[in-house]
Amino acid sequence: GLTASIKSNGLLEPILVQPLEDGNYQILNGHYRVRAVRRLRHKTILGHSYPCDRRSALIIFCTSNLLTKSLSALEEAMMMKGLIKEAGFSLAEVGELWGHSKSWVSRRLKLLTGLDSTVKRELDEGHLRPRLAQELARLPQGNDQRRVLALVKRYYLTKDQTAHLIDWWQEAAEENRLQL
């Protein structure tokens, strides 16, 4: 759709780039527009150059992605991880960018490290809400998470019901879990 729009109306909004030391440019905002223009085989694209440091570039990139597309919880977590590891952001600073608390950021990051691959896939495909995934991350990865996920899906459990089930699960004997 974007390619067709640019073909018939031209590029209505320029991209935003950061000049690099080697003479090239890094796209900060407008990746989809660049792809669309390339499909049309245009040699140039209208853009604004914005010289900035790495930290500012990451902020622009993250906020433009937050505004222009809905990210999955795992995509958000990957962006947050990058801000913390690459640019030295604190949890509180990342939270400010997303409009949440640092504990929210911490729970979101836990999705990257605390979830079984099956549960991650369910989350990434949109079959599991992030808040339910955060509850499941309280369990050890593997069989426990998958078994509780099956119960959550089978009985359409809410976040509070899932939290209660996980509290029970952590204290229950295996015999009781099998009966459930």
Side-chain angles (χ1 to χ4, degrees), residues 1-102 104-134 136-137 141 145-146 149 153:
L2 182 58
T3 304
S5 173
I6 292 172
K7 184 176 182 177
S8 62
N9 303 312
L11 183 66
L12 301 176
E13 185 179 341
I15 65 169
L16 183 64
V17 297
Q18 171 192 19
L20 301 175
E21 291 178 7
D22 64 3
N24 290 314
Y25 293 90
Q26 178 181 24
I27 302 169
L28 300 175
N29 181 326
H31 293 84
Y32 290 130
R33 283 169 275 159
V34 168
R35 253 189 248 153
V37 167
R38 283 181 179 156
R39 281 190 202 111
L40 295 169
R41 301 192 193 288
H42 294 184
K43 301 277 187 232
T44 61
I45 186 169
L46 181 61
H48 292 294
S49 177
Y50 183 73
C52 60
D53 61 12
R54 176 81 174 133
R55 186 178 177 89
S56 297
L58 285 168
I59 290 172
I60 292 167
F61 176 76
C62 289
T63 54
S64 68
N65 273 298
L66 290 172
L67 295 172
T68 59
K69 71 178 216 175
S70 65
L71 301 171
S72 75
L74 290 174
E75 288 173 324
E76 287 181 342
M78 289 299 292
M79 287 178 80
M80 291 174 189
K81 181 180 175 185
L83 287 171
I84 292 166
K85 290 207 181 234
E86 292 178 32
F89 279 69
S90 69
L91 293 175
E93 290 170 323
V94 172
E96 284 180 37
L97 280 175
W98 261 261
H100 291 284
S101 67
K102 70 179 186 178
W104 181 89
V105 173
S106 179
R107 288 189 305 272
R108 194 61 105 204
L109 289 170
K110 176 82 169 157
L111 298 176
L112 294 174
T113 60
L115 290 178
D116 176 80
S117 60
T118 303
V119 179
K120 264 188 196 175
R121 192 174 327 104
E122 291 283 327
L123 175 62
D124 204 36
E125 292 173 358
H127 303 301
L128 181 65
R129 293 191 320 272
R131 193 62 188 98
L132 291 173
Q134 288 169 351
L136 289 167
Q141 289 184 24
Q145 285 186 9
R146 289 190 297 270
L149 174 61
K153 290 172 73 174

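All values below were derived from every heavy atom in this structure, side-chain atoms included, with hydrogens, water molecules and symmetry-related copies excluded. Keep in mind the model is a prediction, meaning the values are calculated, not measured.
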From S49 OG over to L16 CG, what is the distance, rounded to the nearest 0.5 angstrom?
-> 8.0 Å

Which residues pass the side chain to side chain contact (heavy atoms under 4.5 Å, CB included) test with T113, sequence neighbours left out?
-> K110

Report yes or no: does R108 contribute a side-chain atom to a donor-acceptor pair with the main-chain N or O of A77 at less than 3.5 Å?
-> no

Find out whether L128 and L136 are in side-chain contact, i.e. whether some heavy atom of one side chain is under 4.5 Å from a heavy atom of the other.
-> yes

Do other residues, nucleotides or ligands put more than 12 heavy atoms under 6.0 Å from the CZ atom of R131?
-> yes

Distance, nearest 0.5 Å, that separates CG of L83 from CG of L91 | 11.0 Å

What distance do Q134 atom CD and L123 atom CG have between them, rounded to the nearest 0.5 Å?
-> 9.0 Å

Side-chain heavy-atom pair L111, K120 within 4.5 angstrom cut-off | no

Does a side-chain heavy-atom distance below 4.5 Å link V105 with F89?
-> no

Check whether any side-chain heavy atom of C52 lies under 4.5 Å from a side-chain heavy atom of L28, and answer yes or no.
-> yes

Looking at side-chain heavy atoms only, is the closest gap between H31 and F61 below 4.5 Å?
-> yes

What's the spacing between K153 NZ and H127 NE2 if we round to 0.5 Å?
-> 7.0 Å

Nearest-0.5 Å distance that lies between atom CE in M80 and atom OG in S106 = 10.5 Å

Side chain to side chain, R55 and E93, heavy atoms closer than 4.5 Å | yes

With respect to D116, which candidate in R146, R121, Q141 satisfies the side-chain hydrogen bond (donor to acceptor under 3.5 Å, both in side chains) definition?
-> R146

Here the pair of heavy atoms bringing Q18 nearest to A57 is OE1-CB, 3.4 Å

Any side-chain heavy atom of L109 within less than 4.5 Å of one from V94?
-> no

In Å and rounded to the nearest 0.5 Å, what is the CD1 to CD1 distance from I27 to I60?
-> 13.5 Å

Residue set satisfying side-chain hydrogen bond (donor to acceptor under 3.5 Å, both in side chains) with N9, at least two apart, ordered chain then number -> none

Output yes when a side-chain donor or acceptor of R33 lies under 3.5 Å from a complementary backbone atom of P14, and no otherwise.
-> yes

Can you list the steps and then say if Y25 with I15 is a side chain to side chain contact (heavy atoms under 4.5 Å, CB included)?
-> CA-CA 11 Å; Y25 293 90; I15 65 169; over 6 Å; no

